[in-house]
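Remarks on the structure that follows.
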Amino acid sequence: MSNATESETRVDPAVLAEEFAARFGEPPAAVVRAPGRVNLIGEHTDYNDGFVLPMAIDRAAWIAVRPGKGTRVSVHSLDFGEAADFDLAALEHGGPEWAEYLKAVARALEQSGAELRGWEGVAAGDVPIGAGLSSSAALELATARAFATVSNLEWAPKKMALLCQQAENEWVGVKCGIMDQMISAVGERDHAVLLDCRTLETRAVPLPPDTVVVILDTATRRGLVGSAYNERRRQCELAAEHFSVPALRDVTSAELAQSGVGLDPVTLRRARHVVTENERTLAAADAMARGDAPTLGRLMDESHESLRADFEVSSPELDRMVGIARAQPGCLGARMTGAGFGGCAVALVRANGADAFTREVADAYERATGLPPRIYATRATAGASVL
Ligand code: GLA
């Protein structure tokens, strides 16, 4: 059928460096990368001060750079086939949309007191855009890493993640939580990272042996996600107020069962998702620590059900994809991943059946929906780095 399971164009850092040399007449001073992510479990919990369990993936935003003379930043994007140019001394909105992320990060770094130097660069990425794999956070962290490299800033991953989140909240205007920026900064090879979104403590947990994490892109893109996302945030805040706690993180299932009665049914379901998802995420990290793949898979299944029925952020295509994935032999669990309403699901699959799984799911999904899915087996990689 389709070529859905073939790998698409990937960024080769050597080719990126050659492109840089062709444009600027010398090799770059550095090549930086920052990965996208897939979240294994812990969805819509980060802005409730809760727990998430994402991993950085083998797809990233890359920038080849050399320091500039003054305060100008000039970047050519290979993906968009255009250049953006701005002055650090006079940052303003306007120009290509992708460059807003660069300016956003520059502004946040400046506000933190960093003295920034301008630079010239060539950028490229292979995190699919708008698919829920955090291409924006990857570009933000790569930008931060580029600035840190040319301006000799100390690279403190968690601090940089917080600044990039601030950049997205304030300059781009998206009220995201901390998960995406944090995992792009602190990712670890072959591990997922349990992140406590209140304390920002992290614990790396190994991916279960003999399993593969497979990303299942439904080929639908989330519409209206911004307004629905903000609405979910408000509902969670309302629920926390009802329980007189700072965030839903502070509510247990037992408390929810006892004192949830006064809540309207919709808010109660939203709260139930967050409270149970936090419990599942902690249980999932423990299961991974013991190498217990079946338990991790079961918790992923339960997470999807909760996101579908209680938090209501799934979509017919995501439900279809998850259903098809689970019906395959060798699938241990599957769920939607990211904000929802479209984009990707993620499955945990036994390694020895992964090729057949990928083929079967791609064919069955395309037959069922007429949409060409993209299916990627992925690996857990390190966070933002300089090559
Ligand atoms: C988006 C946001 C994250 C997180 C997820 C849902 O990816 O950027 O902060 O809230 O949605 O888990």
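Residues: numbered from 1 along the sequence shown. Source: prediction; values computed, not measured. Below, all heavy atoms of this structure are taken into account, side chains as well, without hydrogens, waters or symmetry copies. Numbering of ligands and ligand atoms starts at 1, following listing order.
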With a 6.0 Å cut-off on the ring centroids, do H76 and F20 count as close?
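No, the ring centres sit 6.0 Å or more apart.
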Contact (N/O only, under 3.5 Å) between [X] and ligand 1:
X: S134; value: no
X: D180; value: yes
X: G177; value: yes

For the residue pair Q166 / W171, report whether a side-chain donor-acceptor contact shorter than 3.5 Å exists.
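No, no side-chain donor-acceptor contact under 3.5 Å.
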Quick one about T45 and R249 (side-chain donor to acceptor, distance below 3.5 Å, no hydrogens or angles considered), yes or no?
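There is no such pair (donor and acceptor under 3.5 Å, judged by atom type) between the side chains of R249 and T45.
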Would you call R37 a ligand 1 contact, heavy-atom distance under 4.0 Å?
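It does, in that a heavy atom of R37 comes within the 4.0 Å cut-off of ligand 1.
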Are R59 and Y376 in a cation-pi setup, meaning NZ or CZ lies under 6.0 angstrom from the ring centre and within 45 degrees of the ring axis?
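Pair R59/Y376 counts as cation-pi.
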The one among D46, T45, N39 that brings a heavy atom closest to atom 4 (C) of ligand 1
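Result: the heavy atom closest to atom 4 (C) of ligand 1 is in D46.
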From the candidates A339, S136, G50, the one that places a heavy atom nearest atom 11 (O) of ligand 1:
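Looking at heavy atoms only, A339 sits closest to atom 11 (O) of ligand 1.
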Return each pair, listed once, that meets side-chain hydrogen bond (donor to acceptor under 3.5 Å, both in side chains) where at least one residue sits in residues 137-150; pairs must be two or more places apart or across chains.
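Qualifying pairs, neighbours excluded: E140-Q181.
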Interfacing atoms of ligand 1 (cut-off 4.0 Å, heavy-atom, Y47)
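Result: 10 (O).
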Proximal atoms of ligand 1 relative to M179 (non-hydrogen, under 4.0 Å):
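Numbered from 1, ligand 1 contributes 4 (C), 5 (C), 12 (O).
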Any salt bridge linking R379 with D190? Criterion: basic side-chain nitrogen under 4.0 Å from a carboxylate oxygen.
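Between D190 and R379 there is no salt bridge, as every charged N stays at least 4.0 Å from the carboxylate O atoms.
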